[in-house]
Amino acid sequence: MENILVIGAAGQIGSELVIELRKRFGGPQVFATDIKQASEDVVIGGPFEILDVLDSNRLIHFVIRHKITQIYHLAAVLSGNAEKIPLQAWEINMRSLMNILELAKEVDAIKKVFWPSSIAVFGPSTPRFNTPQYTITEPNTVYGISKLAGERWIEYYYNRYGVDVRSIRYPGLISYKTEAGGGTTDYAVEIFFDAVREGKYTSFLSEGSKLPMMFMEDAIKATIDLMEADEENLSIHSSYNVAGISFDPQELADEIKKHIPEFEIDYKPDFRQAIADSWPASIEDSVAKADWGLNYKYGLSELTEVMLEGVRKKLG
Ligand code: AKB
């Protein structure tokens, strides 16, 4: 029997991942934790506790008390926020990961760990289109540097101590259940809320800023598929490229206009433009497809339809 710990259960990924894991493994088996209160769905569907991943003492007691066998460590400071507090972001992103790696090394019952990396590991010197799995990685953001260092550490723990950590380089993730917080790709979530609320949106990225994105349902499925894959099929022990779909703010606005013809967009790029400019426009993900069968359900039009419907419901 699996007992699964999700750290960051109040966040954009965590709040949906917990629900899906509970469907598969049972409510009481999935322990949701965060430093802040999670959504009602998460709190009523199974155990939820306030827990700080930086508190390694409480963490180890928690893991032993609940006989945890798998950990999903999702807590992180995202790219936009990290640029405002570089040293704190580095401290939070790295120390939390090192706490989890040490825990997984010391506690035999923990069989698998998931830790998200990001397209932020790439930088301005990386080939921008169809970015391969193995390529130049010279990130110039705090978040990207922490994700690249994290990738090196998880591979090190796998090779040196046999700790089975699995990871995806997430593109921008799009969802309506919990709003995104502090990322560069957040425009692609905000735009839907403003389209429904106001009929217009001011984008903090310019019209042609093409970035890889993914609908949350596809991201959750990919995450669990990777965690369920046989270890012997996995050739990557740093982090897998996952492409999703690439589009820019203007293309997304045009798609929204098909549903809300009066929708208007204008552009006021801010400091996040430089971050977006340093990231790939599209990703090549054949290794993930070959190793563990990565696949997608949502293209741009499906995603737009589901997002508008979800946001309308959420806003009542
Ligand atoms: C961000 O924009 O910081 C994140 C990411 C791509 O990792 N969504």
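Every number for a ligand or one of its atoms is a count from 1 in the order of the listing.
The aromatic rings of F31 and H66 sit tilted, their planes meeting at an angle between 30° and 60°. In this pair, F114 and Y170 present their aromatic rings tilted. The plane angle is within the 30 to 60° band. The aromatic rings of W279 and Y143 lie tilted to each other, with the angle between the two planes from 30° to 60°.
Residues N130 and S282 have side chains that never bring a donor and an acceptor to within less than 3.5 angstrom of each other.
For ligand 1, the 4.0 Å heavy-atom shell contains residues L78, S79, S118, I119, Y143, G183, T184, T185, W279.
Contacts of K200 classified as salt bridge (Lys or Arg N to Asp or Glu O under 4.0 Å), with partners at least two apart in sequence or in another chain: none.
Residues D164 and R166 are paired through a salt bridge, judged by an N-O separation under 4.0 Å between the basic side chain and the carboxylate.
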